[in-house]
Each structure stands twice: as C-alpha cells, then as structure tokens.
Amino acid sequence: MFGMMRSPAESYAKVSVDAAVETADPHRLILMLFDGAIAAVSLARIHMEAGQIPQKGAAISKAIDLVSNGLQASLDMESGGDLAERLAALYEYMTQRLLFANLKNSVAALDEVSELLTSLREAWAQIAPNEQAAA
C-alpha cells in the first residue's frame, strides 16, 4: 500500500534535491546534471573496485541516464550550431565509454568519462550568467 520505505536520510536527500531543482535557473540545472553524473561515475568506480557488480551497474546506468537524457537532451541543436553537434557527439562517446566500462569492468574508461565531465563542468561554470554580468 505504501510501497518501499526509504530511510530518513534518503528521504531528506530526495526532498533537498527536489527543492534545489525547483528553485534553480537553467544554468544551475546543467551544473547539477554534471555534478550528478560525476558523482555516479565516482560511485561506479568504488563499486567496481569492491566487486559489487549490481551496484556498479546501477551507478553506471544512472550516469548514462544523466549524460544522455539530461545533458545531451538539453542541447539546443537548432541554435547551438556546430558546438551543440560536437557536444552531442562527445556525450554519445561518453555513453559508449560508460557501457564499455560496465561490460569490461574498466576503471580507465570510468576515469576518462569523469575527466571529460569535470572539464565540461568547469567550462560551464565559468560562463555563468552572473559571472558574465560582473565582467
């Protein structure tokens, strides 16, 4: 009737994330997608090294979802031009590397995706609307 019970910490985290999403501007939402994907890849690495296969798969699936259904889906292909096309190709590449990492238990592939996401996140953070107005 009530479904699966969550721990209080899980419930708090979900409410906290929901509230952050509801109040964030579009630029901040993209940063949150990067943060979530980077965290999921890090968690997948921890589970991979511990031999926790189901947890590793779940974390990689979450990372793939954030990259393909979050970051890639948010691209404006009409007005984004060549940059949007290149980012779409990079997100597709990251998805393929995550699938490879899951199939082959490749820490190197996870690290590669984590570095790409971190670089893109840093670049995105530097073009924050408030940063441009202050310059």
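The structure displayed is predicted, hence computed values, not measured ones. Residues take their numbers from the sequence shown, with the count starting at 1.
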Please set out all donor-acceptor pairs under 3.5 angstrom arising from side-chain atoms of residues 35-42, sequence neighbours excluded.
residue: Asp35; atom: OD1; partner: Arg121; partner atom: NE; Å: 2.4
residue: Asp35; atom: OD1; partner: Arg121; partner atom: NH2; Å: 3.4
residue: Asp35; atom: OD2; partner: Arg121; partner atom: NH2; Å: 3.4
residue: Ser42; atom: OG; partner: Ile38; partner atom: O; Å: 3.1

Item to check | Between Gln52 and His47, a side-chain donor and acceptor under 3.5 Å | outcome: yes
Checklist entry - Does a side-chain heavy-atom distance below 4.5 Å link Leu116 with Ser119? => result no
Checklist entry - Leu66 and Leu31: same hydrophobic cluster, using ILVMFWY side-chain contacts below 4.5 Å? => result yes
Checklist entry - Given the rule that I, L, V, M, F, W and Y join up when any side-chain heavy atoms are under 4.5 Å apart, are Met48 and Leu99 in one cluster? => result yes
Checklist entry - Does a donor on one side chain and an acceptor on the other come within less than 3.5 Å for Gln96 and Glu92? => result yes
Next on the checklist: Below 30° counts as parallel, above 60° as perpendicular, anything between as tilted: where do the rings of Trp124 and His27 land?
Outcome noted: parallel
Checklist entry - Mind checking whether Tyr91 and Arg86 have side chains closer than 4.5 Å, heavy atoms only? => result no
Next on the checklist: As an exercise, state the distance from OH of Tyr93 to CD of Glu112, rounded to the nearest 0.5 Å.
Outcome noted: 3.5 Å
Next on the checklist: On a heavy-atom basis, which atom in Arg28 and which in Asp25 lie closest, and how many Å separate them?
Outcome noted: N-OD1, 2.8 Å
Next on the checklist: Determine whether Asp111 and Ser114 satisfy the following criterion, side-chain hydrogen bond (donor to acceptor under 3.5 Å, both in side chains), listing intermediate values before the conclusion.
Outcome noted: CA-CA 5 Å; Asp111 290 345; Ser114 182; 6.0 Å; no
Next on the checklist: Please say yes or no: joined through hydrophobic side-chain contacts below 4.5 Å, possibly via intermediate residues, are Leu33 and Leu87 part of one cluster?
Outcome noted: yes
Item to check | Closest heavy-atom pair and its distance - Ala101, Ile60 | outcome: C-CD1, 4.3 Å
Show me the donor-acceptor pairs within less than 3.5 Å that the side chains of residues 102-110 make with the rest of the protein, sequence neighbours left out.
residue: Asn102; atom: OD1; partner: Lys56; partner atom: NZ; Å: 3.2
residue: Asn105; atom: OD1; partner: Lys56; partner atom: NZ; Å: 2.6
residue: Ser106; atom: OG; partner: Ala109; partner atom: N; Å: 3.0

Item to check | Set of residues satisfying side chain to side chain donor-acceptor pair (under 3.5 Å) with respect to Glu85, sequence neighbours excluded | outcome: none
Checklist outcome for this item: side chain to side chain contact (heavy atoms under 4.5 Å, CB included) with Leu71: of Leu90, Leu117, Leu120, only one passes, and it is Leu117
Item to check | For Gln72 against Ala88, the heavy-atom pair lying closest together | outcome: NE2-O, 3.5 Å
